[in-house]
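Shown next, in structure tokens, is the structure this report addresses.
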Amino acid sequence: MENQKKKIAILGSTGSIGTQALEVVSEQEKYLQVEVLTANSNADLLIKQAIQYKPNHVVIADESKYQQVKDVLDPLDIKVFAGNKAIEELMGITDADIVLTAMVGYSGLKPTIKAIENKKRIALANKETLVVAGELITHLCAENRVDIIPVDSEHSAIFQCLVGENLNSIDKVILTASGGPFRGKKRDELLEVTKAQALKHPNWSMGAKITIDSATLMNKGLEVIEAKWLFGLNQKQIDVVVHPQSIIHSMVEFNDGSIKAQMGLPDMKLPIHYAFFFPTRVQTDFKRMSFKEITNLTFEEPDPITFRNLGLAFEAMDKGGNMACILNAANEIAVEAFLQDKIKFLQIAELNEKCMNKVSFIQKPSIDDYVATDEETRIIAKSLLS
Ligand code: NDP
Ligand code: MG
């Protein structure tokens with residue numbers, strides 16, 4: 001390992017992935033240092049993190065919190081900015097070595113584009129970036145010779161299975177899904193499920209948006225699209241299997257019939273750590289999996305009729321163009337409405353489907369088209385809610 005520490009920018013440092021990434025930095029402080037921290041509005045935690053990790057730059061997206069953050073961090077020689085535009089601009093000039101994208105939803109897109117143009121390696125947690133604009137991001141990475149190292153556990157698993165392999169020899173990838181809190185339930189059993197039930201994930205502790213996406217299987221749908229772009233696959237090459245124990249994080253089946261799987265305890269620090277150090281593996285003290293304790297790994301077919309969002313994601317991927325961008329924006333509005341008790345659980349997928357039918361379809365979108373599609377979809381989704 002080189003002597004110089006790797007400089008990490010963490011976009012969304014106050015969230016579930018962001019805080020676990022900082023734990024990884026603490027555990028590997030010999031090799032890693034923080035260059036940038038950003039948050040949406042949690043000023044108190046952002047300040048606390050900045051005092052502890054001493055980044056050069058901090059951005060709070062919520063401009064009303066700017067003064068509060070600046071007053072504390074300015075005397076410590078930490079430069080403070082505010083607003084989403086500032087996150088974007090900073091990514092265009094930062095000299096971090098790795099940018100971890102760990103903010104939620106569409107907000108990840110523009111800063112990621114800037115970081116790629118600035119030739120920074122991307123550790124990608126924010127799957128929505130690839131769902132919204134996978135084609136554009138993939139081209140941009142190729143043009144700028146930038147690598148995206150996936151942090152999503154399934155994609156990290158596939159990525160790890162592919163080390164040393166030729167991408168042409170992939171027959172298919174098999175994404176595993178825990179099935180979420182409502183695994184095995186049918187539509188009539190889901191009519192009245194509550195927010196509290198949906199927020200109780202059996203295996204992972206995550207932010208609210210992705211936890212609801214896991215309960216509706218939208219998360220797996222978004223991951224199918226994410227896999228398409230990360231590994232250059234077509235629809236027929238992506239399978240989903242429900243694996244309730246979340247020990248096998250995903251698999252690759254090769255053209256000779258051999259299948260490779262990556263396993264471990266469900267802990268996001270593992271894929272975060274892997275992305276920070278790839279291609280090197282570095283010793284950790286993370287809790288190890290024992291085959292004496294875990295003696296039963298099971299697999300089931302997913303149910304895309306009950307969990308309509310998974311079917312919608314495959315349809316959006318098939319259609320191409322801006323359809324996945326429409327699905328993503330509709331879903332962000334739908335999940336927010338569900339979290340505010342404005343709609344019921346099954347209405348999330350209904351709203352998504354309506355938006356996919358209503359919003360203008362564009363076969364070859366530019367970046368401006370993606371931005372316009374996101375805006376149009378949000379307006380239509382909100383009008384359908386009122
Ligand atoms: P959280 O909700 O826990 O955290 C989100 C972070 O992003 C927070 O720091 C939040 O700031 C910030 N943020 C939210 N909205 C904005 C915005 N509009 N502008 C700027 N910053 C914003 O999310 P997670 O950590 O769970 O997820 C982050 C990403 O990683 C998502 O794309 C998710 O799909 C993906 N992912 C997460 C996994 C997990 O285990 N959690 C697993 C695999 C992927 P603040 O705290 O101030 O609100
Ligand atoms: Mg995942």
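Each ligand, and each atom within it, is numbered from 1 in the order the structure gives. Index from 1, following the sequence.
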> What atoms in ligand 1 come closer than 4.0 Å to a heavy atom of Ala125?
Replying inline: 30 (O), 32 (O), 35 (C), 36 (N), 44 (C)

> Do Glu300 and Arg183 meet the salt-bridge criterion of a basic N to acidic O distance under 4.0 Å?
Replying inline: yes

>> Quick check on Arg288: does its CZ atom have over 12 non-hydrogen neighbours (other residues, nucleotides or ligands) under 6.0 Å away?
In response: yes

> What residue and atom, counting heavy atoms only, is the protein's closest point to atom 33 (C) of ligand 1, and at what distance?
Replying inline: Ile210 CD1, 3.9 Å

> How are the rings of His249 and Trp204 set to each other: parallel, tilted or perpendicular (split at 30° and 60°)?
Replying inline: tilted

> Rounded to the nearest 0.5 Å, how far does OG1 of Thr306 lie from CG of Leu217?
Replying inline: 9.5 Å

> Short list, please: which atoms of ligand 1 are under 4.0 Å from a heavy atom of Lys127?
Replying inline: 32 (O), 34 (O), 44 (C)

>> Starting from Val151, can I reach Ile158 by hopping between I/L/V/M/F/W/Y residues whose side chains sit under 4.5 Å apart?
In response: no

> Near Ala102, which atoms of ligand 1 are under 4.0 Å from a heavy atom of that residue?
Replying inline: 5 (C), 6 (C), 7 (O), 28 (C)

>> Please determine whether any non-hydrogen atom of Lys209 lies less than 4.0 Å from an atom of ligand 1.
In response: no

> Taking atom CD1 of Ile113 and atom CD of Glu88, what is their separation to the nearest 0.5 Å?
Replying inline: 8.0 Å

> Taking only heavy atoms of Ser107, which atoms of ligand 1 are found under 4.0 Å from at least one of them?
Replying inline: 16 (C), 17 (C), 18 (N), 19 (N)

>> Using a 4.0 Å cutoff against the non-hydrogen atoms of Asn42, which atoms of ligand 1 qualify?
In response: 46 (O), 47 (O)

> Which part of Ser16 is near ligand 1, with near meaning a heavy atom under 4.0 Å away: side chain, backbone, both or neither?
Replying inline: both

>> Rounding to 10°, state the angle centred on the Mg ion (ligand 2) that links OE2 in Glu223 with OE1 in Glu154.
In response: 100°

> Atoms of ligand 1 less than 4.0 Å from Ser13 heavy atoms?
Replying inline: 9 (O)

> What are the atoms of ligand 1, with element, lying closer than 4.0 Å to any heavy atom of Thr14?
Replying inline: 8 (C), 9 (O), 10 (C), 11 (O), 45 (P), 46 (O), 47 (O)

>> Return the OG1 to CG distance between Thr216 and Asn352, rounded to the nearest 0.5 Å.
In response: 8.0 Å

>> Side chain, backbone, both or neither: which applies to Met268 and ligand 1 if a contact is any heavy-atom pair less than 4.0 Å apart?
In response: side chain

> Do Gly207 and ligand 1 have an N or O pair less than 3.5 Å apart?
Replying inline: yes

> Can any side-chain N or O of Ser214 pair as donor or acceptor with the backbone N or O of Ile210 at less than 3.5 Å?
Replying inline: yes

> Just heavy atoms, cut-off under 4.0 Å: does Asn84 contact ligand 1 by side chain, backbone, both, or neither?
Replying inline: side chain

> Any idea which atoms of ligand 1 are less than 4.0 Å away from a heavy-atom of Glu128?
Replying inline: 31 (C), 32 (O), 34 (O)

> Parallel, tilted or perpendicular for Phe81 and His57, by the 30°/60° rule?
Replying inline: tilted

